[in-house]
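To keep things clear, I will list the structure first and then write my remarks on it.
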Number of protein chains: 2
Amino acid sequence: MANIKEIARIAGVSVTTVSRVLNNHPYVSKDKRAAVLDTIDQLNYTRNMNAVHLITGRTGAVAVILPFINFFYFSIVMDGLAHEALLAQYRLILCQTNYSPEEELKVLEMLRNKEIDGVVIVSTALQPEVIEEYTAYGPIVTCQNSGERRFSSVYIEHYAAFRHGLQYLIGKGYRKIGYCEGRQNGSSSSIRQSAFREFLAENKLPFQEAWMIYDCMTEEHGAAAARSLLEMRERPDAVIVSGDHVAAGLIIESRKHGLRIPEDLAVMGFDNQPIGRLLEITTIDNQLYEMGASAFRIIHEQIRGDSTLPVYRKLAYRIIERSTV
Amino acid sequence: MANIKEIARIAGVSVTTVSRVLNNHPYVSKDKRAAVLDTIDQLNYTRNMNAVHLITGRTGAVAVILPFINFFYFSIVMDGLAHEALLAQYRLILCQTNYSPEEELKVLEMLRNKEIDGVVIVSTALQPEVIEEYTAYGPIVTCQNSGERRFSSVYIEHYAAFRHGLQYLIGKGYRKIGYCEGRQNGSSSSIRQSAFREFLAENKLPFQEAWMIYDCMTEEHGAAAARSLLEMRERPDAVIVSGDHVAAGLIIESRKHGLRIPEDLAVMGFDNQPIGRLLEITTIDNQLYEMGASAFRIIHEQIRGDSTLPVYRKLAYRIIERSTV
DNA sequence: TTGTATGCGTTATCAT
DNA sequence: ATGATAACGCATACAA
């Protein structure tokens with residue numbers, strides 16, 4: 001493989017000139033530029049980017065930590081990230097960690113190793129304190145609200161959004177409210193859970209452990225939740241479900257058993273997924289795409305500007321009124 | 001930042017010895033090893049991997065080319081890839097290209113630049129001939145059947161699978177068959193399309209252009225397809241739809257208008273998605289996860305073994321009988 | 001406008 | 001078992 005030295009030799013110039021041409025620097029005469037370009041073409045030469053990375057101390061790559069790429073939530077965030085990365089000519093290293101702390105730490109180590117210029121943490125099992133230690137090695141952006149930390153974050157107000165959803169439900173007259181949550185790992189699920197409990201307490205609404213259904217990740221889990229709801233002596237008259245696809249399962253199964261939605265059971269979804277639009281599920285849009293896009297823009301800015309000042313960006317949410325509540 | 005030289009100086013050994021410790025080479029005495037390890041710990045040292053990549057000529061990274069990460073199909077393949085990459089301690093660079101040939105070429109250029117050790121092409125707008133040119137710079141694996149090329153491939157027999165699906169439909173007595181296809185870009189969609197036309201011709205089944213519905217990518221598109229079907233004077237009595245989520249839209253909208261599935265309209269899905277299971281959609285499973293996992297295993301083997309011999313792996317498909325046909 | 005010399009941080013080679 | 005030194009391929013400060 002040819003290198004810059006060989007190009008210089010054959011083109012009859014110095015390596016500096018070749019480098020200047022390569023990086024579009026000024027102060028290169030037309031003749032020499034042409035000669036260099038010619039030789040590059042002839043020898044089918046390209047730069048060895050590893051050498052560039054070594055000397056510049058930058059790699060043009062950002063790592064993304066998330067647990068499962070095939071979940072709607074994460075794939076949309078990733079879409080936003082990828083779109084912006086493409087615009088910025090940046091590379092994205094997808095680190096699907098399954099919420100394994102060891103694997104997540106390995107990614108942060110990559111920042112120390114200078115293998116990447118920054119890290120975007122979409123969802124993690126790591127404590128904020130651990131993440132903070134790595135801010136010394138490069139910019140980090142999380143997509144969770146971790147408070148005012150030494151790293152940046154862009155997040156949805158899961159707490160407020162969830163309360164708003166509940167407010168919407170009681171505004172429609174529902175008082176017996178059930179709850180359907182996904183995986184317990186993420187920080188957002190526990191935020192939603194406390195929002196739920198606190199809201200119920202504040203509004204003197206009945207709380208029943210039986211109406212709390214956990215680990216609903218798929219359509220099938222939603223359907224199973226519907227069946228368990230049907231078996232109850234006393235059912236909630238409304239249920240708030242994290243994830244429209246789970247809500248879809250719940251709705252379809254409920255209807256199969258003759259329940260009318262929302263007359264017999266109101267369902268409030270989450271995430272504004274395409275399936276929710278199809279089934280006319282009332283849901284909460286929380287701007288997942290924008291979260292990803294925004295996260296990349298922030299980290300890109302921090303990489304370029306070398307400004308270590310963390311940024312905290314709160315994203316708006318909104319209730320999408322359809323017909324299941 | 002500390003480097004290997006400084007570690008050597010402080011530990012009172014040579015850089016070679018430090019390097020040996022770093023790489024777990026033999027022939028290092030217990031004392032010196034301990035001294036080195038101590039200093040590394042004290043100075044909070046890690047290797048600059050860019051230097052390692054430069055001298056070894058490897059990066060431990062593989063790029064993945066796909067158009068849209070938030071499509072079910074691609075996110076499942078990516079899941080398979082990511083799972084295997086994690087096991088192999090390899091990094092995955094996600095290149096969401098939107099089927100832009102320029103962007104896809106940029107990724108292949110990364111192979112030339114030594115930024116990556118290999119490329120997995122899940123779906124592309126590039127011609128096989130163009131891809132072949134880059135096999136000189138490192139292993140490439142595609143997830144499409146491109147024939148016996150100079151690069152490897154792992155693929156589903158879209159042609160056979162689709163014909164099998166049609167065979168299943170006529171076996172059930174349907175003769176007026178419609179077709180619902182997604183984005184026209186991918187190679188698999190054109191394969192399915194010719195499978196459809198040829199099967200119809202061979203079996204002397206009626207072909208109607210009006211029954212060919214294109215660009216159905218989402219649940220909503222499926223619903224729209226249902227509405228256009230309802231308006232027809234003469235309707236197909238069965239329709240084969242690429243993507244269970246699109247089939248779901250079609251089914252739900254059809255039922256909303258009083259159509260019975262499968263009595264009035266049989267629906268055959270594709271991809272075996274969770275929503276299909278919920279709605280009991282008869283579908284074709286084409287092992288997307290395994291495709292991704294297999295693609296990574298192949299490329300990993302080729303990177304390690306330096307064997308440039310391409311591998312062609314055909315994946316089995318199977319019809320999942322449920323209740324929409 | 002151009003070139004020389006140095007350095008980036010590591011591994012590989014070879015000698016001892 | 002250990003170390004001195006070259007090599008990887010490039011960018012850049014400085015000199016001209």
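Only a predicted model underlies this, so the values are computations on that prediction, with no experimental measurement involved. Within every chain, numbering begins at 1; the chains are lettered A, B, ... in the order of the sequence lines, protein sequences first and strands thereafter.
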Salt-bridge test for A:Glu133 and A:Arg150: reply yes if a basic N is under 4.0 Å from a carboxylate O, no otherwise. no
Main-chain N/O of B:Gly60 paired with B:Asp117 side-chain donor or acceptor, under 3.5 Å: yes
Nearest-Å distance, CZ (A:Arg33) to P (C:dT1)? 10 Å
Atom pair distance, as rounded to whole Å: CG in A:Leu22 and P in D:dG9: 14 Å
Would you say a side-chain N or O of A:Arg20 is under 4.0 Å from OP1 or OP2 of C:dG3? no
Closest approach to the side chain of A:Asn23, judged atom by atom: which nucleotide of D:dT5, C:dT2, D:dA11 is it? D:dA11
Output the rounded distance in Å from CZ (A:Arg47) to C1' (D:dC10). 9 Å
Could you tell me whether the side chain of B:Thr16 has a donor or acceptor atom within less than 3.5 Å of a complementary atom in the base of D:dA4? yes
More 5' along DNA chain D: B:Ile55 or B:Val13, using each one's nearest nucleotide? B:Val13
Does the pair B:Glu301/B:Arg304 count as a salt bridge with the N-to-O cut at 4.0 Å? no
Angle class for the A:His300/A:Phe296 ring planes (parallel below 30°, perpendicular above 60°, tilted otherwise)? parallel
Does A:Lys32 place a side-chain N or O at less than 4.0 Å from the phosphate oxygens OP1/OP2 of C:dG3? yes
Donor-acceptor pair under 3.5 Å: do we get one between B:Thr56's side chain and the base of C:dT10? no
Starting from P on D:dA6, measure out to NZ on A:Lys5 and report it in whole angstrom. 13 Å
Look at the side-chain N and O atoms of A:Lys30 and state whether any lies under 4.0 Å from the OP1 or OP2 oxygen of C:dT1. no
A:Leu54 CG to D:dC10 P: how many Å, rounded? 12 Å
Provide, to the nearest angstrom, the distance between the CZ atom belonging to A:Arg58 and the P atom belonging to D:dC10. 20 Å
So does B:Glu132 get a backbone contact from the side chain of B:Thr135, meaning a donor-acceptor N/O pair under 3.5 Å? yes
For D:dT12, take OP1 and OP2 only and decide whether either is under 4.0 Å from a side-chain N or O of A:Tyr27. no
Please state how far atom CG in B:Asn3 lies from atom P in C:dT10, giving the value in whole angstrom units. 6 Å
Base, sugar-phosphate, or nothing: which does A:Ser19 touch, judged by heavy atoms less than 4.0 Å apart? base
Indicate whether OP1 or OP2 belonging to C:dT2 is found under 4.0 Å from a side-chain N or O atom of A:Thr17. no
